[in-house]
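As structure tokens, the structure follows; a few thoughts come after it.
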Amino acid sequence: MTNPMEQVAPYFTFAEVVRTGSFTVAARSLGLSKATVSKQVMALEEALGVRLLQRTTRKLSPTAEGRALAARCQRMTQELEAAKAEVLLLRRKPRGPLRVSIPMSFGLLRVLPAMPEFLERYPEIELDIQLDDRVVDLVEQGFDACIRIAQLPDSSLLARKLASSRRVICATPAYLHRHGTPHRPEDLRQHRCLQYTYLASGAAWRLRGPGDVESLVETTGTLKANSSLALKTAVLGHAGIAQFPLFAVWEELRDGQLVEVLDDYTLPELSIWAVHAQGRTVTPKVGAWMDFLARRFADEPGWNLGAQAKRGA
């Protein structure tokens, strides 16, 4: 198969010969030998079936066909230079389409409320947010970046930590008044424990308590959902107990709508990462998005453990 660049090269060579009026000067400009330049122009004439240049011992001038072709080639050169300039500008300035994938609850509660400010600051970025709790393939699905709330064993990804959030187990005061408050992990077996579909451990809740003792409790319940927001709606309706990322229920706990239980015990902490594919340069638009979120979450009260540590909490 013929290399497309090999097909195009003679046209640019010919245009440079017409521009300079000399095989020798064109060869010097292009970094080629004079013989190569002459050979490319002759091959182009043969391929097109027309004479493009009038050659004499003293003068080199294009034919009518040559002038028409040279004008087209020069416009092609200008277009390529404009495209190069645009790419270089994109490397320096945050602009253009930015497609990101974000987990549903975190996106709705913590990212989307901040996006009007982001778009005000970067008006030339065209933001496309896809909300999905499933893990996406950045390259295959055409994402510039994503947020992941997980451990990141995949070395093909480059990530920047944005925040940390602990998990909490909570219910409404009304539910606890009616069904009692669990004081030990095993007490959870007597409660309706609502489940998050994508929790790696499923219905088995792993808690670490005083003395660094770990408990693994098989819980039961009659409701499972693939969204923390859906579970929160059910829990606020007094349907049972559930575990949540603190970022999903911080305001409800602060305002007394929900109550944390088993607060002497801890669940595995969550790390929140902004991720992009390895091997790809962090473009200004991706870098601006990551920087913006990192600054935004550093000022978040309550749920961001990293911000609390920086403040000496």
Side-chain angles (χ1 to χ4, degrees), residues 1-100 119 122-128 130 136-146 156-158 275-291:
M1 182 179 293
T2 305
N3 186 329
M5 293 305 297
E6 292 178 356
Q7 292 180 310
V8 172
Y11 290 89
F12 291 107
T13 299
F14 168 72
E16 187 66 8
V17 170
V18 173
R19 187 185 72 83
T20 61
S22 165
F23 281 103
T24 301
V25 177
R28 190 181 305 122
S29 171
L30 296 169
L32 301 173
S33 68
K34 181 180 177 182
T36 297
V37 170
S38 179
K39 183 179 177 181
Q40 286 189 7
V41 171
M42 290 176 64
L44 185 59
E45 288 180 321
E46 184 177 343
L48 296 176
V50 296
R51 179 172 294 278
L52 298 173
L53 294 172
Q54 295 287 358
R55 304 169 179 84
T56 68
T57 56
R58 302 180 59 183
K59 189 177 180 182
L60 183 68
S61 59
T63 63
E65 294 87 352
R67 284 194 298 274
L69 181 62
R72 289 274 188 175
C73 291
Q74 287 164 0
R75 285 198 290 273
M76 289 167 55
T77 301
Q78 291 167 357
E79 284 294 319
L80 286 174
E81 288 299 322
K84 179 181 176 182
E86 184 174 347
V87 169
L88 292 175
L89 180 62
L90 285 171
R91 289 181 58 188
R92 295 191 296 269
K93 186 176 183 181
R95 62 183 297 185
L98 175 61
R99 190 165 187 257
V100 296
L119 293 173
Y122 302 104
E124 295 186 65
I125 290 180
E126 302 156 25
L127 190 59
D128 178 359
Q130 302 293 314
V136 301
D137 186 304
L138 291 181
V139 176
E140 184 176 315
Q141 295 178 247
F143 287 102
D144 297 293
C146 71
S156 68
L157 299 174
L158 294 178
V275 179
H276 66 95
Q278 190 173 29
R280 290 185 175 182
T281 302
V282 181
T283 60
K285 60 186 178 182
V286 172
W289 188 69
M290 289 182 170
D291 290 344

To the nearest 0.5 Å, tell me how far [X] [atom1] sits from [Y] [atom2].
X      : Y      : atom1 : atom2 : value
Gln74  : Leu69  : CD    : CG    : 9.5 Å
Lys285 : Glu124 : NZ    : CD    : 12.0 Å
Asp144 : His276 : CG    : NE2   : 11.0 Å
Leu119 : Glu126 : CG    : CD    : 10.5 Å
Leu138 : Arg99  : CG    : CZ    : 10.5 Å
Lys93  : Ile125 : NZ    : CD1   : 10.5 Å

- Could I get the full list of ring pair (Phe, Tyr, Trp, His ring centres under 6.0 Å) partners for Phe23, not counting sequence neighbours?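 Scan of Phe23 (ring pair (Phe, Tyr, Trp, His ring centres under 6.0 Å), adjacent residues dropped) gives none.
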Donor-acceptor list for residues 10-20 side chains, cut-off 3.5 Å, not counting sequence neighbours:
residue	atom	partner	partner atom	Å
Thr13	OG1	Ala9	O	3.1
Thr13	OG1	Gln40	OE1	2.5
Glu16	OE1	Arg19	NE	3.1
Glu16	OE2	Arg19	NE	3.4
Glu16	OE2	Arg19	NH2	2.7
Glu16	OE2	Ser29	OG	2.8
Thr20	OG1	Glu16	O	2.9
Thr20	OG1	Val17	O	3.4
Thr20	OG1	Ser22	N	3.4
Thr20	OG1	Ser22	O	3.1

- Message: Applying side chain to side chain contact (heavy atoms under 4.5 Å, CB included), can you list everything that pairs with Arg75, at least two apart in sequence or on another chain?
- Response: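 With sequence neighbours excluded, Arg75 shows a side chain to side chain contact (heavy atoms under 4.5 Å, CB included) to Ala71, Arg72, Gln78, given in chain and number order.
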- Message: Using the side chain to side chain contact (heavy atoms under 4.5 Å, CB included) criterion, which residues pair with Pro123? Sequence neighbours excluded.
- Response: none
- Provide the full list of salt bridge (Lys or Arg N to Asp or Glu O under 4.0 Å) pairs with a residue in residues 25-40, sequence neighbours left out, each pair given once. none
- Taken in chain and number order and not counting sequence neighbours, the residues that satisfy side-chain hydrogen bond (donor to acceptor under 3.5 Å, both in side chains) with Gln130 are Asp128
- Message: Taking CE in Met42 as the centre, count heavy atoms belonging to other residues, nucleotides or ligands within less than 6.0 Å. Is the count above 12?
- Response: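 No - once you tally the heavy atoms of other residues, nucleotides and ligands closer than 6.0 Å, there are 12 at most.
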- Item | Residue pair Arg55 / Glu45: nearest heavy atoms and the distance that separates them |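 Looking at all heavy atoms of both residues, the shortest contact is NH2-OE1, 3.1 Å.
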- For residues Trp289 and Ala145, report the shortest heavy-atom separation together with the two atoms involved.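 That closest heavy-atom pairing would be CZ3-CB, 4.0 Å.
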